[in-house]
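Here's the structure we're looking at; comments come further down.
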Protein chains: 2
Amino acid sequence: MKDTQKIIEEVNKIFVAYLEKKELRKTPERFAILEEIYTRGGHFNAENLYIDMTNKNYRVSRATVYNTLELLVECDLVTKHQFGQNLAQYEKSYGYKQHDHLICTTCHKVIEFCDPRVQNIQSMISELLKFNILHHSLVFYGECQRDNCENKVTA
Amino acid sequence: MKDTQKIIEEVNKIFVAYLEKKELRKTPERFAILEEIYTRGGHFNAENLYIDMTNKNYRVSRATVYNTLELLVECDLVTKHQFGQNLAQYEKSYGYKQHDHLICTTCHKVIEFCDPRVQNIQSMISELLKFNILHHSLVFYGECQRDNCENKVTA
DNA sequence: CTCGGTGCAAAGCTTTTGCATCCGC
DNA sequence: GCGGATGCAAAAGCTTTGCACCGAG
């Protein structure tokens with residue numbers, strides 16, 4: 001896996017290119033948010049991100065966090081998920097292989113997996129239904145086997 | 001396709017059995033909501049359902065609608081979806097073959113499709129990752145080819 | 001200097017909750 | 001009659017919006 005600093009440089013370039021193409025301003029807040037996202041790991045939500053940035057004494061507003069997340073989703077640097085709750089979850093996507101998710105309905109743990117057949121289905125459906133599919137979301141819900149998962153201790 | 005009245009009788013029986021098993025009360029509101037869901041077609045949200053019932057002069061509260069939807073999801077008579085917005089969408093599930101969804105990101109039209117390979121992936125992942133998968137959600141997002149879809153008229 | 005972006009707080013929307021009342025059992 | 005269910009309204013939680021100010025181009 002590439003060094004984090006190198007990845008941040010790469011995503012910065014992509015973001016700059018996107019902002020220029022759309023004639024949007026390159027504000028320090030936008031880059032700070034991008035950097036924070038690529039420094040942390042795993043899934044997060046807008047509030048997490050906002051809190052963590054303020055804890056690091058980087059002052060941003062929630063409005064800017066939401067606005068920037070939207071831009072990052074548009075240029076494919078961040079993926080947005082709606083895992084069944086009314087709370088959007090985000091995850092960095094550059095440099096990551098395509099994957100889908102498995103969620104424990106008891107302990108809410110999120111596991112990632114890859115299966116190339118999903119792409120095959122996508123291509124076939126796309127052609128069959130004359131639909132230009134841009135992305136997908138596949139989530140399996142069930143019970144995991146973690147020792148500390150509630151579904152093991154309760155009957 | 002079976003006659004609506006017959007289906008309603010069947011789902012009523014299933015709901016009664018569920019309520020009895022869980023020792024919950026068979027209130028008229030619960031059955032009225034179930035009937036309304038199985039009388040209408042397509043996808044809907046809690047507010048739709050609430051408004052439509054009050055328009056028909058059937059008085060229910062939002063609290064009861066939400067509560068009953070949860071029960072119906074638990075006994076598999078209704079499926080709950082989170083199609084990317086912060087608004088839960090529901091759909092009746094009894095008598096319907098398993099299917100997944102294709103959503104137009106421009107006009108928000110929802111199309112259903114079936115592909116048996118999704119079940120194969122589910123079984124394999126379930127075994128491979130030792131995860132007791134109970135259900136899944138597969139959604140493809142893209143642009144449809146409807147004549148009146150915005151993505152056809154705008155460049 | 002201009003006008004898009006930010007920060008802040010208020011508003012919006014969906015969903016949940018508290019509590020008095022009601023009614024299935 | 002008891003205790004769960006309902007109705008109503010208020011509250012909660014995430015996200016969006018309005019507006020004054022700021023700063024990138």
Side-chain angles (χ1 to χ4, degrees), chain A residues 12 15-36 43-75 78 80-91 108, chain B residues 12 15-36 43-75 78 80-91 108:
Chain A
N12 269 353
F15 197 25
V16 165
Y18 177 77
L19 293 175
E20 288 178 349
K21 195 185 76 179
K22 292 275 182 174
E23 296 186 307
L24 299 171
R25 291 182 182 170
K26 307 180 195 74
T27 66
E29 289 84 358
R30 287 175 174 168
F31 290 98
I33 291 169
L34 177 58
E35 177 160 349
E36 172 62 24
H43 300 84
F44 60 92
N45 59 53
E47 188 67 12
N48 288 157
L49 188 58
Y50 168 73
I51 295 292
D52 290 356
M53 292 194 75
T54 52
N55 281 347
K56 289 183 181 177
N57 288 320
Y58 193 96
R59 276 166 104 282
V60 253
S61 63
R62 283 188 182 78
T64 300
V65 168
Y66 278 101
N67 166 54
T68 304
L69 280 171
E70 197 177 321
L71 293 177
L72 293 172
V73 168
E74 281 168 22
C75 63
V78 167
K80 180 177 180 178
H81 303 287
Q82 245 9 106
F83 289 144
Q85 281 85 48
N86 277 10
L87 171 57
Q89 301 269 72
Y90 298 86
E91 130 186 80
H108 305 106
Chain B
N12 268 352
F15 197 27
V16 165
Y18 177 78
L19 293 174
E20 287 178 349
K21 196 185 74 179
K22 292 276 182 172
E23 294 186 309
L24 298 171
R25 292 182 182 170
K26 305 181 198 74
T27 66
E29 290 84 358
R30 286 175 174 168
F31 289 98
I33 290 169
L34 176 58
E35 177 159 347
E36 172 63 23
H43 300 85
F44 60 92
N45 59 53
E47 189 67 13
N48 288 158
L49 188 58
Y50 169 73
I51 295 293
D52 290 355
M53 292 194 75
T54 52
N55 282 346
K56 289 184 182 177
N57 288 319
Y58 193 97
R59 276 168 102 283
V60 251
S61 63
R62 281 190 184 78
T64 302
V65 168
Y66 279 100
N67 165 56
T68 303
L69 279 171
E70 196 177 322
L71 294 177
L72 292 172
V73 168
E74 281 168 21
C75 62
V78 167
K80 180 178 181 177
H81 303 286
Q82 244 12 104
F83 288 144
Q85 282 84 46
N86 279 9
L87 170 58
Q89 302 269 71
Y90 298 86
E91 123 186 87
H108 305 106

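Computed over heavy atoms, backbone and side chain alike; hydrogens, waters and symmetry mates excluded. From a predicted model like this one, the values you see are computed outputs, not experimental measurements.
The one candidate from A:Leu72, A:Ile33, A:Leu71 that meets the side-chain contact (heavy atoms from CB on, under 4.5 Å) condition with A:Val78 is A:Leu72.
Ion pairing between B:Glu47 and B:Arg62 holds under the 4.0 Å rule for side-chain N and carboxylate O.
Atom-to-atom, NZ of A:Lys26 to C1' of C:dT6 comes out at 18 Å; the value is rounded to the nearest Å. Across the protein-nucleic acid pair, B:Gln85 atom CD and D:dG13 atom P stand 23 Å apart, rounded to whole Å. Between B:Glu29 atom CD and C:dT21 atom P there is a gap of 18 Å when expressed in whole angstrom units. In this entry the distance linking CD of B:Gln82 with P of C:dT15 reads 7 Å, nearest Å. Between the NZ atom of A:Lys80 and the C1' atom of D:dT15 there is a distance of 9 Å, given to the nearest Å. Rounding to whole angstrom units, CZ of residue A:Arg62 and C1' of D:dG18 are separated by 17 Å. The distance between atom CD of A:Glu23 and atom P of C:dG5, rounded to the nearest whole Å, is 11 Å. Regarding A:Arg30, its CZ atom lies at a distance of 6 Å from the C1' atom of C:dG5, rounded to whole Å.
In this structure, B:Thr68 OG1 and B:Glu36 CD are separated by 12.5 Å, a value rounded to the nearest 0.5 Å.
Taking the nucleotide of DNA chain C with the nearest heavy atom to each of A:Leu24 and B:Arg25, the more 5' of the two is matched to A:Leu24. The residue among A:Pro28 and A:Tyr90 whose nearest nucleotide of DNA chain D is located toward the 5' end is A:Tyr90.
Within the 4.0 angstrom heavy-atom criterion, only backbone atoms of the sugar-phosphate kind lie near B:Asn67; the bases stay farther away.
Side-chain contact between B:Gln82 and A:Phe83: absent, with no pair of heavy atoms (C-beta onward) separated by less than 4.5 Å.
Taking side-chain N and O atoms only, A:Asn86 has a distance below 4.0 Å to OP1 or OP2 of C:dT15. Side-chain N/O atoms of A:Thr27 include one lying less than 4.0 angstrom from OP1 or OP2 on C:dT6. One finds a side-chain N or O of B:Thr64 lying less than 4.0 angstrom from the OP1 or OP2 phosphate oxygen of D:dG7. When the side-chain nitrogen and oxygen atoms of A:Tyr66 are compared with OP1 and OP2 of D:dT16, none of them lie within a distance under 4.0 Å.
Listed by residue number, the members of residues 53-61 of chain A with any heavy atom below 4.0 angstrom from DNA chain C are A:Arg59, A:Val60, A:Ser61.
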Output, in order, the C-alpha distance, side-chain angles, deciding distance and verdict of side chain to side chain contact (heavy atoms under 4.5 Å, CB included) for B:Tyr90 and B:Asn48. CA-CA 10 Å; B:Tyr90 298 86; B:Asn48 288 158; over 6 Å; no
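For B:Asp52 (side chain) and B:Leu49 (main-chain N/O), no donor-acceptor pair under 3.5 Å exists by modelled atom type.
Shown here is A:Glu70, whose CD atom has no more than 12 heavy atoms of other residues, nucleotides or ligands within 6.0 Å.
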